[in-house]
S.K.: 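Below is the structure I would like to discuss, written out as structure tokens.
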Amino acid sequence: MTIQEFYKEFEKQARQMGLITLLSGFYLYLDTETDVLHDQMRDTSNEQEYKKYAKELVALNAIKGDVDSCIKTLFNRVEVKE
């Protein structure tokens, strides 16, 4: 492996790790938002508000699942190369 090939591979992995960090931060944000929605659902007595929060919660959980899948895929790519 030449130094140029090594640098290209290093740069690629660094970008993937940066993306993993970014996605992990986004996942934590989504996790916090789902906790807030759970609290709002628990505290409301209005059925319409409860349904609104429930719809938002379903959407956030779907996004969290997608983000988690992306993180795992990227992490596996980085691990295999090492």
S.K.: Closer than 3.5 angstrom, by distance alone: can the side chain of Ser69 be matched with the main-chain N or O of Gly65 as a donor-acceptor pair?
M.R.: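 Answer holds: no.
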S.K.: Report whether Val58 and Tyr50 are members of the same hydrophobic cluster (ILVMFWY, side-chain heavy atoms less than 4.5 Å apart, transitive linking).
M.R.: no
S.K.: Sequence neighbours excluded and cut-off under 3.5 Å, please list the side-chain donor-acceptor pairs for residues 30-39, or say none.
M.R.:
unit_1: Asp31; atom_1: OD1; unit_2: Lys64; atom_2: NZ; d: 2.8
unit_1: Thr32; atom_1: OG1; unit_2: Leu28; atom_2: O; d: 3.0
unit_1: Thr34; atom_1: OG1; unit_2: Leu30; atom_2: O; d: 3.4
unit_1: Thr34; atom_1: OG1; unit_2: Asp31; atom_2: O; d: 2.7
unit_1: His38; atom_1: ND1; unit_2: Thr34; atom_2: O; d: 3.0
unit_1: Asp39; atom_1: OD1; unit_2: Arg42; atom_2: NH1; d: 3.2

S.K.: Got a sec, which residues hit side-chain hydrogen bond (donor to acceptor under 3.5 Å, both in side chains) with Asp68, two or more places apart in sequence or on another chain?
M.R.: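 Listed in chain order: Lys72.
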S.K.: Hey, could you give me each pair passing salt bridge (charged side-chain N to carboxylate O under 4.0 Å, His left out) that has a residue in residues 48-57? Not counting sequence neighbours.
M.R.: Glu47-Lys51
S.K.: Just verifying a value: how many Å separate Tyr53 OH and Asn46 CG, rounded to the nearest 0.5 Å?
M.R.: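 One gets 8.5 Å once the value is rounded to the nearest 0.5 Å.
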S.K.: Do you know the tightest heavy-atom contact between Leu23 and Leu74?
M.R.: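 Taking every non-hydrogen atom into account, CD1-CD1, 3.8 Å.
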